[in-house]
Enquirer: 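Supplied in structure tokens, the structure appears directly below.
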Amino acid sequence: MEHVPEPVRIGKGVAALIGLLSVAAALAAGHLVAALTVPASSPYLAVGNTAIDLAPQPLKSLAIELFGTADKLALLIGMAVVLALLAAGAGLLSRTSARAGVLLVAILGVLGVVAVLARPAVGVGGLWAPVASLLVGLGVLLFLRRTVTTAAAERAGPAHDENATTAETPSPERSGRRSHGRRRVLVSTLSVATGSAVAALTGQRLSSGGRVERSRAALGGLTPDTRAAPIPPGSDFAKSGTPTFLTPNSEFYRVDTALRVPRITAEQWRLRVHGMVERELDLSFADLRSRNTVEKPITMTCVSNPVGGPYVSTAEFIGVPLRDVLAEAGVHEDAEQVFSTSADGFTAGTPVDVLTDPDRDALLAFGMNGRPLPIEHGFPVRMVTPGLYGYLSATKWVTDLELTTWDRESYWRTRGWAREAPIKTQSRIDTPSGFAKVPAGRVTVAGVAWAQHTGVERVEVRVDGADWRTAELSAPVNRDTWRMWRTELELPPGGHTVESRATDRSGYTQSRKRSPTVPDGATGWHSVFFTAE
Ligand SMILES: Nc1nc2c(c(=O)[nH]1)N[C@H]1C(S)=C(S)[C@@H](COP(=O)(O)O)O[C@H]1N2
Ligand SMILES: [Mo]
């Protein structure tokens, strides 16, 4: 009589582990193949990026509010948790038959392929990585299942083992088979786990751009043709608790949609200027550097900065005035916006009149505080436009400028943000910090105010709703940068609320009315509650 083996039911823990390992191996393989082909095609990152692009606006704002600059780390961790649950589920579903697990892993794999294809900056060459993921995921799932079921079948032995003496005391041969099977399961799972870790780390290493770091380092310190005037003494009140006038590059706020920042060497970089122009331009980094370069302190602000928020920083940017490049291209009269595109597919639309204004030093910047741009701030070249929020004027890793009309909609415009958005006059209290306890008596209140391209004229402060009093201002640098303010108050013990409001050189005083960041920047007075004791 033919021996028909009973279907083996895999233990729950082992089944979940098989699922987890299959998906981990799939992601690791995809990450490695992506590093070797098109780095942005790593399925995990592609799914994350697609999630970012598809996320509804309120969810995005919530994520930024909850996690701040760590919003993307939070997303990656969240994705890892969801994927781990699905992977374990796939394992559990295939305890008796591989079918359901295979289906779930295949669906995940196809999602990866779709997400990669949906990335604007990834072509068909980006298909290798998600396809490798899909195949490795299925392969590992089937392989580990087979190893485990074979071992289990061997352990159980044929239903009526002629060699077995009694049911309780296994023959030496059978226990030998058993430990052999177990060893094979152990070796297989450990190999898959190690292989995945090695693949993922190698992929990470390969794609983390040693080449780009070298290209950056090779540029060394940068000296512009026209240096900025020295920053005057007294341009900040850092000793009283304000930020320093220039923000160190490592502390400069960072906002972008990239899960993995584009890595382009200065040698690879090109900028195309086209559309409604007389002459198309195609510039290399060397072309750019050989032009007239200037240096200019500029305070950048993100439209997502809530009242009192941290997304505002100042650097001395070095670059080529954008108006020079546009003049060389010869802009048509009807062109309304410069539609800029970055290497990662981000886009922004900046009004032509702002960029061609002889009075406004919008830059194609490659230097930041005397150093080449840090990679995460747009190396090798980015745009910086004084007075406009970054989302429509500060494209990092910029590779394309198209002169066009407003018909074409840029990244954040399609997501409900304003077409044009000058930075709003704002002030922020930095010290005391919220809910601080300070000694009663003389209390220093200090902070920062900005009104880019108009200039800060005055900052006023009031405590517990009493009269406004004018604060001392730091030495002005230029109207495109922030100013620090401070004042000393005499305060009795107890809880106090301090508020600040700035007035700019057009005479406009910051409005009390609270409005959200969407669609063109938050308004309202910053207020801080603290206790004197
Ligand atoms: N390629 C690219 N450029 C970008 C962005 C982006 O997401 N991708 N974000 C913009 C936004 S919203 C802001 S506020 C500034 C922030 O520049 P920073 O990160 O150097 O501070 O960059 C702008 N340039
Ligand atoms: Mo922004």
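Sequential numbering from 1 along the given sequence is applied to the chain's residues. Just follow the structure's listing: the first ligand is 1, and inside any ligand the first atom is 1.
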Enquirer: Under 4.0 Å from any heavy atom of C302, which atoms of ligand 1 are there?
Expert: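 What qualifies from ligand 1 is 14 (S).
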
Enquirer: Is a salt bridge present between R483 and D504, judged by a nitrogen-to-oxygen distance below 4.0 Å?
Expert: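 D504 and R483: not salt-bridged.
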
Enquirer: Could you list which atoms of ligand 1 come closer than 4.0 Å to a heavy atom of R254?
Expert: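 Here the atoms of ligand 1 in question are 19 (O), 21 (O).
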
Enquirer: Among all protein non-hydrogen atoms, which one is nearest to atom 19 (O) of ligand 1, and what is the separation to 0.1 Å?
Expert: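 Looking only at protein heavy atoms, the one closest to atom 19 (O) of ligand 1 is K396 NZ, 2.5 Å.
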
Enquirer: Is W412 in polar range of ligand 1, meaning some N or O pair under 3.5 Å apart?
Expert: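 The answer is no, given that W412 and ligand 1 share no N or O pair closer than 3.5 Å.
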
Enquirer: Look at ligand 1 and say whether A394 reaches it with a heavy atom at a distance under 4.0 Å.
Expert: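 Within the 4.0 Å threshold, so yes.
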
Enquirer: Between ligand 1 and R382, is the shortest N or O to N or O distance under 3.5 Å?
Expert: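 Yes; at least one N/O pair falls below 3.5 Å.
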
Enquirer: Which atoms of ligand 1 sit under 4.0 Å from any heavy atom of S342?
Expert: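 It comes down to these atoms of ligand 1: 1 (N).
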
Enquirer: Nearest heavy-atom pair of P422 and L388: which atoms, and what distance?
Expert: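 P422 and L388 have their closest heavy atoms at CA-CD2, 3.9 Å.
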
Enquirer: Starting from atom 16 (C) of ligand 1, locate the nearest protein heavy atom and write down its residue, its atom name and how far away it is, to 0.1 Å.
Expert: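 Here the closest protein heavy atom is V255 O, 3.6 Å.
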
Enquirer: For L401, is there any backbone N or O sitting under 3.5 Å from a side-chain donor or acceptor partner on R272?
Expert: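 It does not hold such a pair.
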
Enquirer: Report the member of Y391, F346, W397 with the shortest heavy-atom distance to atom 4 (C) of ligand 1.
Expert: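 Looking at heavy atoms only, the winner is F346.
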
Enquirer: For the side chain to side chain contact (heavy atoms under 4.5 Å, CB included) test, which of V325, L283, V381 pairs with V320?
Expert: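 With V320 as partner, side chain to side chain contact (heavy atoms under 4.5 Å, CB included) holds for just one option, V325.
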
Enquirer: Under a 3.5 Å distance rule, please check whether N478 uses its side chain to pair with a backbone N or O of P297 as donor and acceptor.
Expert: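 At least one qualifying donor-acceptor pair exists.
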
Enquirer: Looking at F435 versus F530, is the centre-to-centre ring distance below 6.0 Å?
Expert: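 Not under 6.0 Å, so no.
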
Enquirer: Please work out which of H377, M383, E376, M368 has its closest non-hydrogen atom nearest to atom 18 (P) of ligand 1.
Expert: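 Checking each option, the heavy atom nearest atom 18 (P) of ligand 1 is found in H377.
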
Enquirer: With atoms numbered from 1 as shown, which atoms in ligand 1 lie under 4.0 angstrom from a non-hydrogen atom of F252?
Expert: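 So the answer, numbered in order with elements, is 21 (O).
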
Enquirer: Could you tell me if R413 sits above the aromatic ring of Y411, with its cationic atom closer than 6.0 Å to the ring centre and no more than 45 degrees from the axis?
Expert: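 Judged by the rule (NZ or CZ under 6.0 Å from the ring centre, within 45° of its axis), R413 is not positioned above Y411.
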
Enquirer: Between E328 and R291, does at least one N-O distance fall below 4.0 Å, as a salt bridge requires?
Expert: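 Salt bridge: yes.
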
Enquirer: Quick check: D256 and ligand 1, any N/O pair under 3.5 Å apart?
Expert: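 Such a contact does not occur with ligand 1.
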
Enquirer: Any ion pair linking R323 and D357 (charged N to carboxylate O, less than 4.0 Å)?
Expert: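 A salt bridge is absent here (no side-chain N lies under 4.0 Å from a carboxylate O).
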
Enquirer: Check each atom of ligand 1 against the heavy atoms of D344 and keep those under 4.0 Å away; list them by number with element.
Expert: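 Under 4.0 Å from D344, ligand 1 has these atoms: 1 (N).
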
Enquirer: Does ligand 1 come near enough to Y253 that some N or O of the ligand is less than 3.5 Å from an N or O of the residue?
Expert: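 Between Y253 and ligand 1 (N or O atoms, distance only) the closest approach is under 3.5 Å.
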
